[in-house]
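These notes concern the structure reproduced below.
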Amino acid sequence: MPPNSWYVTTPIYYVNAEPHLGHAYSTMAADVLARHHRQRGDDVFFLTGTDEHGEPIEVAAAREGITPQALADRNAAKFEALGPTIGVSNDFFIRTSDPRHEAMVAEIMQRVYDNGWVSKGKYEGWYCPRCADFKTEREVGPGNTCPIHEIVLDWVEEENWFFQLSKFQGRLEALYEERPDLVVPDFRRNEAVSFIKGGLEDVSLSRPTLKWGLPLPWDHTQRMYVWFDALLNYVTALTFAREGEDLSARYWPADLHVMAKDILKFHAVIWPALCMAAGLEPPRRMVIHGFLLMGEKKMSKSLGNVLDPFEVIERFGADALRFYLFREVSFGQDGSISTAGFEARYENELANDYGNLASRVLAMVDRYRSGTVPEAAVDATLAEDFEGTLERFRELLDRAELTQALELVWALVRRLNRFVEETQPWVLARDEADPERLDEVLYNLVEGLRVTTLMLVPYLPATAERLLSVLAEEDRALAELGSRPGGQSVERVPPLFPKIEA
Ligand code: ME8
């Protein structure tokens with residue numbers, strides 16, 4: 001059988017400012033799932049990139065006295081550089097100022113127009129220049145403010161083209177009926193469904209005042225509202241990501257769009273409708289996560305409370321950052337993060353629970369068995385606690401339950417630590433009264449370490465690679481306890497998570 005194709009995306013980020021930890025979070029989440037699917041043998045395509053048109057960029061560039069393209073070039077380079085530093089394994093990085101994207105957008109939007117889903121009209125309402133979003137009445141905060149950016153909204157009255165979203169109400173309702181897991185978690189799906197059932201209005205497709213945007217293919221006096229250009233990246237990228245190859249048939253529809261709740265409406269309502277209007281299949285699924293908060297507030301550049309991911313990594317390393325965020329903040333919910341919380345988890349969980357376990361086990365195999373893993377039977381009590389975990393792990397990741405899946409692995413790591421305490425291999429080794437039991441204990445510990453480390457590959461890619469190489473494990477597929485017979489040579493490791501400087 002050919003491998004199952006699996007296409008995952010992140011939002012494409014605005015280049016009006018530099019990347020912060022919130023952006024890194026979404027990209028790392030998509031990366032965990034991409035790596036997990038590669039471990040399952042899927043043919044994965046993982047896309048991320050930058051959203052470079054529209055008012056947020058135009059305004060920010062004007063403030064600096066540079067061209068929007070110059071600002072886009074500068075910040076896109078920073079977003080692109082962030083990937084490798086946080087262990088992200090994307091297959092392509094799309095920039096919407098790429099002429100190949102622009103040409104495809106024109107082609108698809110012309111199709112939407114030709115299919116009769118566009119009409120001219122007058123827009124009157126509130127607009128947030130930071131979200132680049134026309135707010136419906138329900139979305140306007142007290143004092144006509146944007147609930148996300150906490151700025152006063154602009155009142156806009158303009159003649160422009162509309163995408164006839166209202167005509168897709170029935171089709172969208174049917175789509176959600178048919179696909180109960182189109183949006184996860186459930187409470188986000190319910191939000192999308194109630195937004196649709198509340199009645200859909202047509203949405204602005206163009207803006208006469210915008211300069212930094214793509215011209216409408218059928219009316220060059222107007223520029224495209226950035227969201228249409230942006231959403232289409234998920235489709236256009238497949239047509240040029242590989243020179244001379246069109247990947248659309250292989251990967252579309254996307255298997256998963258990852259994002260935070262701020263852009264739910266665009267993805268869960270407008271995007272499937274736009275796909276239908278363009279004659280494209282809608283995406284299969286999207287997962288909506290919460291916000292990383294500093295104190296009580298969303299981390300965002302405009303609120304000025306951001307943690308710089310480059311600085312965090314400098315201190316703790318990329319794996320520790322990935323681990324901390326998925327462990328600390330229940331994926332799907334909002335959650336506060338702090339340096340103190342980071343230090344505590346680093347120390348207690350990464351350095352002690354996992355790092356020490358690895359060092360101890362490898363040191364004991366070295367000392368008591370000259371570095372050769374004994375061949376022995378699986379311990380019955382340990383086997384009971386490992387039983388069924390791989391299946392549960394896969395199920396959780398199928399639902400993008402990143403925190404629960406990690407908790408499952410951590411329960412095994414803790415179980416292995418208890419196994420060390422219970423069996424006390426150093427006592428067994430003292431007079432070698434029962435060498436077979438010592439063999440068995442050491443074998444089970446190495447197996448446990450191997451099995452849990454394979455599960456940690458998506459979360460701690462660099463650390464897991466290091467440890468798996470020391471464990472002489474070449475395969476990256478998930479494995480059951482006892483599936484390797486022993487007999488391999490292993491080495492000691494220096495601390496995987498060394499003490500951090502204050
Ligand atoms: O909305 N916590 O771009 P954007 C968690 N260009 N995630 C966060 C976050 C936080 N504090 N801050 C940002 C746009 N994010 C559009 C998207 S897609 C076709 C176009 C992440 O730069 C999260 O994924 O404002 C959020 O949805 C995204 O960055 C918004 O990025």
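Remember, it's 1-based here, ligands and their atoms both numbered in the order they're listed.
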* To do: Please test Phe168 against Trp117 for ring-ring contact (aromatic ring centres under 6.0 Å, His included), starting from the C-alpha separation and ending with a verdict.
  => CA-CA 10 Å; Phe168 288 88; Trp117 300 116; 4.5 Å; yes

* Lys NZ or Arg CZ of Arg138 over Phe195 ring: under 6.0 Å, within 45° -> yes

* Within 45° of the ring axis of Phe45 and under 6.0 Å from its six-membered ring centre, is that where the NZ or CZ of Arg242 lies? ->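 No.
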
* To do: Would you mind telling me if ligand 1 is within reach of the side chain of Ala260, the backbone, both or neither, using heavy atoms under 4.0 Å?
  =>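 Both backbone and side chain.
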
Is the shortest distance from a heavy atom of [X] to ligand 1 less than 4.0 Å?
X: Trp227; result: yes
X: Gly290; result: yes
X: Tyr234; result: yes
X: Lys261; result: no

Between ligand 1 and [X], is the shortest N or O to N or O distance under 3.5 Å?
X: Leu231; answer: no
X: Leu292; answer: yes
X: Asp262; answer: yes

Atoms of ligand 1 less than 4.0 Å from [X] heavy atoms?
X: Asp51; result: 6 (N), 16 (C), 20 (C)
X: His23; result: 13 (C), 22 (O), 29 (O), 31 (O)
X: Ser26; result: 21 (C), 23 (C), 24 (O)
X: His289; result: 5 (C), 7 (N), 24 (O)

* Which residues share a side chain to side chain contact (heavy atoms under 4.5 Å, CB included) with Arg394, sequence neighbours left out -> His36, Arg40, Leu390, Leu478

* side chain to side chain contact (heavy atoms under 4.5 Å, CB included) partners for Asn144, two or more places apart -> Trp126, Val140

* Asked: Do other residues, nucleotides or ligands put more than 12 heavy atoms under 6.0 Å from Glu314 CD?
  -> no

